[in-house]
Amino acid sequence: MFTRRNFIKTGALAIAASAVTNPPKLFSQIRKSPAASKKMELTFWPYDAQLRHVFTIANFSRSTTPLVLTQITYDGYTGYGEAAMPPYLGENQDSVIAFLKRVDLSRFSSPFEIEDIMTYLEGLSTNNTAAKCAVDIALHDLMGKIMGQPWWKIWGFNPNTTPNTSFTIGLDTEEVVREKTKEASPFKVIKVKLGIDEATDKMMINTIRSVTDTVIAVDANQGWHDKHYALDMIYWLKERGVNMIEQPMPKLWLDESAWVTERSPLPVVADESCQRLTDVPKLKGAFTGINIKLMKCTGLREAREMVSLANALRMKLMIGCMTETSCAISAAAQLAPKMDWADLDGNLLIGNDCYSGMKIVDGKITLDDKPGIGIIKL
Ligand code: MG
């Protein structure tokens with residue numbers, strides 16, 4: 001159980017750690033410290049991301065997102081990680097912290113034993129994907145810093161092939177939607193959350209179209225409950241400059257989804273239907289592609305495997321996110337060169353980002369040579 005006393009203890013460690021690295025200079029964050037310990041130390045603390053706008057999707061609204069931030073130190077280097085817990089994934093700050101307290105990295109001799117470490121985490125619990133991700137991201141940041149290279153380069157990806165990222169506009173009144181659409185003008189793709197009812201869905205699209213011709217990507221978040229209606233909506237959306245549809249129907253409706261995908265004039269991408277690597281094979285035929293999110297699939301190690309599997313199955317790829325700081329967003333961005341679509345705007349939706357990382361330049365995800373996941377702690 002996560003108690004106030006433990007919070008104070010963990011928080012004090014976090015403050016002590018940030019005092020050591022303050023002011024935040026990139027060099028001081030990747031340089032090997034002289035008092036290096038060849039023992040991995042995992043630290044974690046809760047962090048509430050404050051949203052710039054109240055965020056609404058088909059089933060609920062919210063104004064904050066609970067996060068847990070992590071760091072792992074080893075041999076004078078520090079790797080950063082993050083767990084983001086939107087309510088529908090069933091994790092919260094208490095459950096993530098309870099999980100992380102059970103993690104004993106002293107069983108392993110270095111972060112390069114990540115295969116064994118992730119297998120060990122899997123053995124601690126069948127769920128807790130965001131908590132596992134918080135360890136996975138920190139390990140990748142640590143390994144990349146020790147090797148002195150960013151992950152896109154270690155994997156051999158071409159940084160010039162990153163897609164544009166979309167910028168999400170939630171369900172709202174016409175006036176607010178017009179305002180948010182104007183705010184989204186630097187982006188080449190606007191993502192719209194639909195799936196309430198026909199009048200509201202069409203109002204959203206028509207309102208955006210009254211302001212801009214920018215390409216729209218639609219996420220129905222399982223909100224359409226009839227395959228004929230879903231197909232009719234997809235045709236209506238195609239005529240209005242929509243380029244893809246994410247999760248039109250409930251996640252378990254794979255036969256209905258296959259019926260829609262076969263007839264759809266637009267690519268249909270699985271989000272809620274696709275959580276882990278083991279979900280991917282059964283989605284072939286039911287969807288055109290999959291939306292990979294680090295918080296669903298336990299992090300970069302499994303996400304990289306999902307990329308290879310989807311490539312082998314000739315399925316398209318999208319990288320998505322929760323509301324996350326630049327830590328998890330920059331980690332996900334390392335995979336962007338392999339993606340057909342990207343929705344990595346989670347850090348832009350929050351007002352208290354505590355990291356600086358991947359930048360969006362002219363709407364496009366832009367990778368640089370900062371090692372690991374490419375972030376600086378602010
Ligand atoms: Mg989605």
Side-chain angles (χ1 to χ4, degrees), residues 49 51 53 55-62 65 84-91 129-130 133 163-172 180 184 187 189-196 200-201 204-205 208 215-225 230 233-234 237 242-254 256-257 260-261 264 266-276 279-280 283 286-297 303 306 310 315-324 328-329 332-333 335-336 339-350 365:
L51 304 186
H53 292 288
F55 190 73
T56 303
I57 61 171
N59 306 315
F60 58 85
S61 300
R62 61 175 199 258
T65 291
M85 292 81 68
Y88 55 88
L89 282 182
E91 290 181 88
T129 58
C133 182
N164 292 320
T165 186
S166 53
F167 182 83
T168 301
I169 293 182
L171 285 164
D172 222 312
K180 287 184 184 174
F187 295 86
V189 185
I190 290 172
K191 178 165 168 174
V192 188
K193 301 281 196 175
L194 300 185
I196 294 289
T200 311
D201 286 0
M204 283 292 293
I205 298 296
I208 291 167
V215 169
I216 299 174
V218 162
D219 186 353
N221 279 116
Q222 315 182 72
W224 299 335
H225 292 84
M233 275 301 288
I234 292 171
L237 292 165
V242 169
N243 72 337
M244 55 119 36
I245 307 290
E246 197 179 319
Q247 199 69 45
M249 288 181 295
K251 61 184 179 183
L252 299 177
W253 290 22
L254 297 188
E256 291 83 351
S257 184
V260 169
T261 298
S264 172
L266 294 175
V268 183
V269 173
D271 184 4
E272 288 86 344
S273 297
C274 181
Q275 306 285 321
R276 305 284 307 259
D279 293 325
V280 179
L283 302 176
F287 293 92
T288 320
I290 57 168
N291 183 352
I292 297 174
K293 292 178 181 170
L294 299 186
M295 297 302 151
K296 294 189 298 186
C297 75
M306 292 170 82
M315 296 181 77
K316 292 199 173 289
L317 282 164
M318 171 174 183
I319 186 88
C321 62
M322 310 302 178
T323 304
E324 298 163 354
I329 294 292
L335 292 160
M339 298 295 152
D340 298 282
W341 307 284
D343 180 29
L344 291 184
D345 64 348
N347 56 332
L348 306 175
L349 305 177
I350 66 179
I365 293 170

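All ligand and atom numbering here is 1-based and tracks the order in the structure.
- Every side chain to side chain donor-acceptor pair (under 3.5 Å) that Ser166 has, sequence neighbours left out, goes to Asp343.
- Under the side chain to side chain donor-acceptor pair (under 3.5 Å) criterion, Gln247 pairs with Ser273, sequence neighbours left out.
- Protein atoms of type N, O or S found under 2.8 Å from the Mg ion (ligand 1) total 3.
- Residues that satisfy the salt bridge (charged side-chain N to carboxylate O under 4.0 Å, His left out) test with Asp345, not counting sequence neighbours, are absent from this structure.
- Atom CG of Leu344 and atom CG of Asn164 lie 12.0 Å apart (nearest 0.5 Å).
- Shown are Lys193, Met204, Lys180; of these, the side-chain contact (heavy atoms from CB on, under 4.5 Å) with Asp172 is made only by Lys180.
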task: Could you give me the CA-CA distance, side-chain angles and deciding distance for Trp224 and Val260, then say whether side chain to side chain contact (heavy atoms under 4.5 Å, CB included) is met?
output: CA-CA 12 Å; Trp224 299 335; Val260 169; over 6 Å; no
